[in-house]
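Worksheet: one structure, shown below.
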Number of protein chains: 2
Amino acid sequence: MNIISGKEVAGHISKRVKDRVDELIKQGKRAPKLVIVRVGDRPDDLSYQRGAIKRMDMVGIAHEELWFEENVSIETFYKKFDEINKDDGVDGILVLRPLPKHLDEDRLIRTINQAKDVDAIGPTSLGKIMIGDKNGFAPCTAAGVIEILKYAGVEIGGKKVTIVGRSNVVGRPLVLLFIGLDATVTVCHSRTKDVKEACKNAEILVASCGKARLINKEYVANGAVVIDVGINLDEEGKLCGDVDTDSIEGIAAACTPVPGGVGAVTTSVLASQVLCAYENALKV
Amino acid sequence: MNIISGKEVAGHISKRVKDRVDELIKQGKRAPKLVIVRVGDRPDDLSYQRGAIKRMDMVGIAHEELWFEENVSIETFYKKFDEINKDDGVDGILVLRPLPKHLDEDRLIRTINQAKDVDAIGPTSLGKIMIGDKNGFAPCTAAGVIEILKYAGVEIGGKKVTIVGRSNVVGRPLVLLFIGLDATVTVCHSRTKDVKEACKNAEILVASCGKARLINKEYVANGAVVIDVGINLDEEGKLCGDVDTDSIEGIAAACTPVPGGVGAVTTSVLASQVLCAYENALKV
């Protein structure tokens with residue numbers, strides 16, 4: 001079984017972004033800029049932010065943190081947020097979510113400037129995926145899955161794809177991305193009666209259900225390509241994906257590892273989408 | 001095989017809308033209002049407009065036609081369109097499409113006020129389906145399919161649904177609507193290798209591929225519910241759907257006819273969405 005390294009894919013995307021940013025700087029233009037909005041100090045958020053900042057530095061994208069205390073008032077939060085939302089010097093905004101309940105995440109989703117919505121949390125960005133708008137963005141994780149398959153040379157057109165999970169950040173946008181790429185797509189989830197049957201039928205299987213090592217050899221067809229989007233802690237507190245990699249050895253043709261798979265690609269997709277937002281803004 | 005009458009479903013929805021409009025009028029409020037935008041005089045458009053007007057009259061929704069000659073300039077078109085787009089007295093806008101090429105339909109899709117986009121042509125409306133926003137709209141035909149199933153008492157949660165066709169007005173939005181209703185969904189299309197296999201596996205089958213009577217008994221599982229979205233002319237110039245109804249007799253549990261099926265429901269869904277847009281506006 002071929003293990004597809006997310007790090008390699010990330011390196012490939014990052015190089016493309018860095019080359020373009022270097023070119024723009026040489027032309028005398030300013031660097032693209034990302035603002036990361038964070039509320040409180042959740043370890044997950046801090047860890048993701050560190051990774052994102054490292055990546056932006058690597059490719060030459062400027063960044064700034066907009067940080068709030070956990071108990072920030074809704075007025076203060078949206079006053080500051082609206083400023084960066086309007087600021088012409090900011091190309092992309094990444095909000096580390098979920099927000100604390102009192103900050104009304106729905107309002108955030110409705111207000112975020114869609115031109116800067118580089119992680120596609122707003123309905124306009126998500127709708128653009130449906131109509132195949134090339135200037136739109138997809139949630140970075142969903143877009144990362146497609147980038148991995150493309151990098152690994154896996155043909156998508158005409159293939160049977162099964163996605164386990166229907167979240168707004170992975171399952172739902174991925175269905176539309178795969179349909180747009182000519183795949184025949186099945187989505188299953190907690191209410192699906194026979195998840196095994198749906199998975200066993202897939203040539204490309206995307207696991208994004210958040211259940212540690214659920215997907216074992218009983219779910220995987222011979223020769224399938226398996227993309228593991230899960231990040232879980234197992235009973236021993238060890239980081240693991242939704243796929244039981246040992247079990248599918250000798251059955252699947254390829255699989256992404258956890259860690260070092262999809263998760264490793266996300267920040268480079270983010271960088272690529274910030275660059276895209278910047279270039280879209282230049283065109284206007 | 002039970003034939004599900006679209007007319008009956010339409011009557012049911014229309015009654016609900018009319019009762020509510022009557023109630024609002026009694027409270028001294030103005031009637032909801034739809035503007036139908038039409039360019040040129042295509043027979044299809046005229047026929048659809050006639051049906052829509054008849055329906056709006058039936059339920060007490062005011063309507064107005066905004067008509068342009070086929071060769072209207074893009075400036076004139078968008079000047080007028082922007083006026084109704086901003087007019088607080090207009091709750092819903094239905095644009096009969098496709099527009100002539102020179103009118104840049106992409107611009108229309110980007111500009112339409114999402115609060116009035118009662119046939120869900122803009123990305124924001126489509127994205128709202130993805131995040132399950134209850135104040136959003138779905139394309140009337142896609143929403144009509146769901147209304148038919150609900151009216152006919154067909155349980156959707158946990159069912160295997162296959163959709164043949166991936167258009168922006170039917171297939172793609174329907175996937176998201178069905179996922180939101182807990183179905184396990186498969187989408188197939190022209191690039192699918194084995195459409196029969198995907199269809200035969202379905203408990204609910206939606207045919208929206210635009211191929212006269214393609215879906216025959218070889219595609220349908222015993223006891224399946226079949227919804228026929230197709231409107232085609234057969235070799236003899238006779239109106240027919242995507243389903244060969246005679247062939248699936250004794251196999252499918254139920255099927256919608258063409259004409260008199262999904263097509264008959266569309267304008268009542270439109271009326272319902274105009275009312276919804278009006279009530280959303282009242283709330284603001």
Side-chain angles (χ1 to χ4, degrees), chain A residues 105-106 109-110 114 117 120-136 138-139 156-169 171-195 197-199 201-203, chain B residues 105-106 109-110 114 117 120-136 138-139 156-169 171-195 197-199 201-203:
Chain A
E105 200 162 298
D106 273 355
I109 286 172
R110 284 195 315 270
Q114 50 99 358
D117 184 15
I121 64 172
T124 309
S125 310
L126 295 169
K128 281 183 172 181
I129 304 174
M130 203 178 314
I131 61 174
D133 185 323
K134 300 284 176 207
N135 292 331
I156 297 172
K159 287 284 178 70
K160 289 190 282 185
V161 175
T162 295
I163 301 165
V164 189
R166 53 171 164 171
S167 71
N168 289 346
V169 289
R172 283 168 156 97
L174 259 183
V175 182
L176 298 172
L177 291 171
F178 275 119
I179 294 176
L181 292 166
D182 296 330
T184 301
V185 188
T186 299
V187 199
C188 48
H189 45 75
S190 54
R191 292 287 310 275
T192 297
K193 277 176 197 150
D194 194 342
V195 178
E197 180 208 11
C199 290
N201 192 32
E203 293 164 288
Chain B
E105 201 162 295
D106 273 355
I109 286 171
R110 283 195 314 270
Q114 51 98 0
D117 184 14
I121 64 173
T124 308
S125 311
L126 296 168
K128 280 183 173 180
I129 305 173
M130 203 179 313
I131 60 174
D133 185 324
K134 300 284 174 208
N135 291 330
I156 297 172
K159 288 283 178 68
K160 289 190 281 186
V161 176
T162 295
I163 301 164
V164 189
R166 55 171 163 171
S167 71
N168 288 347
V169 290
R172 283 169 157 96
L174 260 183
V175 183
L176 298 173
L177 292 172
F178 276 119
I179 294 177
L181 293 166
D182 297 330
T184 302
V185 189
T186 298
V187 199
C188 48
H189 45 77
S190 55
R191 291 286 309 278
T192 296
K193 278 176 195 148
D194 194 342
V195 178
E197 180 209 9
C199 290
N201 193 33
E203 292 163 288

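Predicted, not measured: the structure shown is a model, and the values here were computed from it. All values below were derived from every heavy atom in this structure, side-chain atoms included, with hydrogens, water molecules and symmetry-related copies excluded. In what follows, chains carry the letters A, B, and so on, assigned in the order in which the sequence lines appear, proteins first and then strands, with residues in each chain numbered from 1.
Interface residue A183(B): only backbone heavy atoms are found under 4.5 Å from chain A.
The candidate from K128(B), K193(B), H189(B) with the greatest count of non-hydrogen atom pairs under 4.5 Å with chain A is H189(B). When each of I163(A), L176(A), T186(A) is checked for heavy-atom pairs under 4.5 Å with chain B, T186(A) comes out on top. Comparing V187(B), I129(B), V195(B), D106(B) by how many heavy-atom pairs each has under 4.5 Å with chain A, the most go to V187(B). Taking D182(B), I131(B), I179(B) one by one and counting their heavy-atom pairs under 4.5 Å with chain A, the maximum is reached by D182(B).
Residues L126(A) and M130(B) come closest through the heavy atom pair O-CE, 3.4 Å.
Between I109(B) and D133(A), every side-chain heavy-atom pair lies at or beyond the 4.5 Å cut-off. At a threshold of 4.5 Å between non-hydrogen side-chain atoms, the residues T124(B) and Q114(A) do not count as touching. Here the side chains of N201(A) and N201(B) are not in contact, with every heavy-atom distance at 4.5 Å or above. Residues R166(B) and T184(A) form no side-chain contact, since every pair of their non-hydrogen atoms from C-beta on lies 4.5 Å or further apart.
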**Request:** Go through V175(B) and V185(A) one step at a time and tell me if the side chain to side chain contact (heavy atoms under 4.5 Å, CB included) criterion holds.
**Result:** CA-CA 10 Å; V175(B) 183; V185(A) 188; over 6 Å; no
